[in-house]
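As the structure is a prediction and not an experimental result, all values here were calculated from the model. Side-chain atoms are counted along with the backbone in the values below, which use heavy atoms only and exclude waters and symmetry mates. The sequence lines fix the lettering, A, B, ..., with proteins before strands; numbering per chain opens at 1.
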There are 2 protein chains.
Amino acid sequence: MDSKIVNLRSKLEIYKADSGGGNIADCPVRDVIQGINNKWSSLLMMALAEKPYRFGELRRLVPDISQRMLTQTLHDLQRDGYVHREVFPTKPPSVEYSLTDLGRSMFGPLHQLLQWAERNHGAVRDARAAFDNTQA
Amino acid sequence: MDSKIVNLRSKLEIYKADSGGGNIADCPVRDVIQGINNKWSSLLMMALAEKPYRFGELRRLVPDISQRMLTQTLHDLQRDGYVHREVFPTKPPSVEYSLTDLGRSMFGPLHQLLQWAERNHGAVRDARAAFDNTQA
DNA sequence: TAGTGCTGGTCTCTTTTTGAGACTTATATA
DNA sequence: TATATAAGTCTCAAAAAGAGACCAGCACTA
């Protein structure tokens, strides 16, 4: 069982935990991925990859995000270094969010995944329908 | 504001909602992505990309997933067509999970993203430290 | 023959996360 | 004077996730 954890670590060359303790849970890749892999992050990355947006623009662009989660997700993206936040001294002050170089770098592979989803959503929809049929 | 939604749609060529209503919320890409983009899916995909595993093996492989979420995530991955579930008539019966062709196809771009995370977790860690410093 | 462990789950309860929506502060406009 | 706008915060309710007990059927052991 433990040997299988080691096995997965080596095969994927991805589970190189800094701790060295072999505990899959404090794996740096998971740490990074969980910042990217959540409901709103990829959507906001997608928007900001197009061009910088202000807070209110993003809110209108993604109407079903709550203000609370927009604030929080942008904050997390900024903390992880993907997004730059700039305040302009207008009245009232406006805030612009844009991708950093790191953000643009990360958006490369993310975009590939999004494109896969675009190309294959038909297949996924069919799979769901088939599955739901066999269950019923 | 509505023109900006259309703008994002066209630029990214990704928001082609079946509804045609222009509502970003019922976008097929988001529908697919949310199945992939969650805490445990990518981790289980990563494990199954290596080789098929049984339920209990996966549980030991990812010690911090609850049995409840393992069941549910595997179920969702199966429903979306990424994972095949096969019951073997051993005593007690064992269940093996493996990737389908669709699953392997999706793992391609997902793997690219995981590799990005592997290569750049240092940069992300540094960004977090810097951010936390300016806040304190 | 009673006890233990293995399999792959489900069920219930608690904790965490998310969502909905009111509220803020300062300024500009009607 | 009343209203709007900006970018949030705050509170409360709802949804999702985690912890851990429990289940059935069979094999092995004492």
Short side-chain N/O contact from Trp40(A) to OP1 or OP2 of dT17(C), under 4.0 Å: no
Spacing between Gln72(B) atom CD and dT10(C) atom P, to the nearest angstrom: 10 Å
Shortest side-chain distance from Lys91(B), nucleotide among dG9(C), dA27(D), dG8(D): dA27(D)
Nearest-angstrom distance from the residue atom OH of Tyr53(B) to P of dT7(C): 15 Å
Side chain of Arg54(B) (C-beta onward), nearest among dT7(C), dA28(C), dG9(C): dT7(C)
Proximity to the side chain of Arg68(B) - top-ranked nucleotide from dT12(C), dG8(D), dG8(C): dT12(C)
Rounded distance in Å - CG (Leu70(B)) to C1' (dA17(D)): 14 Å
Residues forming a salt bridge (Lys or Arg N to Asp or Glu O under 4.0 Å) with Asp126(A), sequence neighbours excluded: none
Nearest-angstrom distance from the residue atom CG of Asp64(B) to P of dT15(C): 20 Å
Side-chain ion pair, Asp64(A) and Arg30(B), N-O less than 4.0 Å: yes
Length of the CG-P vector between Leu58(A) and dG8(D), whole Å: 10 Å
Electrostatic pair Asp80(A):Arg125(B) at N-O distance under 4.0 angstrom: no
Shortest side-chain distance from Arg60(B), nucleotide among dT7(C), dG18(D), dA20(C): dT7(C)
Sugar-phosphate, base or nothing in reach of Tyr97(A), heavy atoms under 4.0 Å: sugar-phosphate
Closest to the Thr71(A) side chain, choosing from dG9(C), dG18(D), dG8(D): dG8(D)
d(CD, Glu57(B); C1', dG9(C)) in whole Å: 16 Å
Per Pro92(A) side chain, nearest of listed nucleotides dA19(D), dT5(D), dG8(C): dT5(D)
Per Lys39(A) side chain, nearest of listed nucleotides dG9(C), dT12(C), dG19(C): dG19(C)
Toward the 5' end of DNA chain C, by each residue's nearest nucleotide, Ile65(A) or Phe55(B): Phe55(B)
Sugar-phosphate only, base, or nothing, as touched by Arg59(A) at under 4.0 Å among non-hydrogen atoms: nothing
For atom NE2 of His75(B) and atom C1' of dT10(C), their distance in whole Å: 13 Å
Length of the CZ-P vector between Arg85(A) and dA6(D), whole Å: 15 Å
Within the 6.0 Å centroid threshold, strictly below: His75(A) and Phe131(B): yes
Electrostatic pair Asp76(A)-Arg79(A), nearest N-O below 4.0 angstrom: no
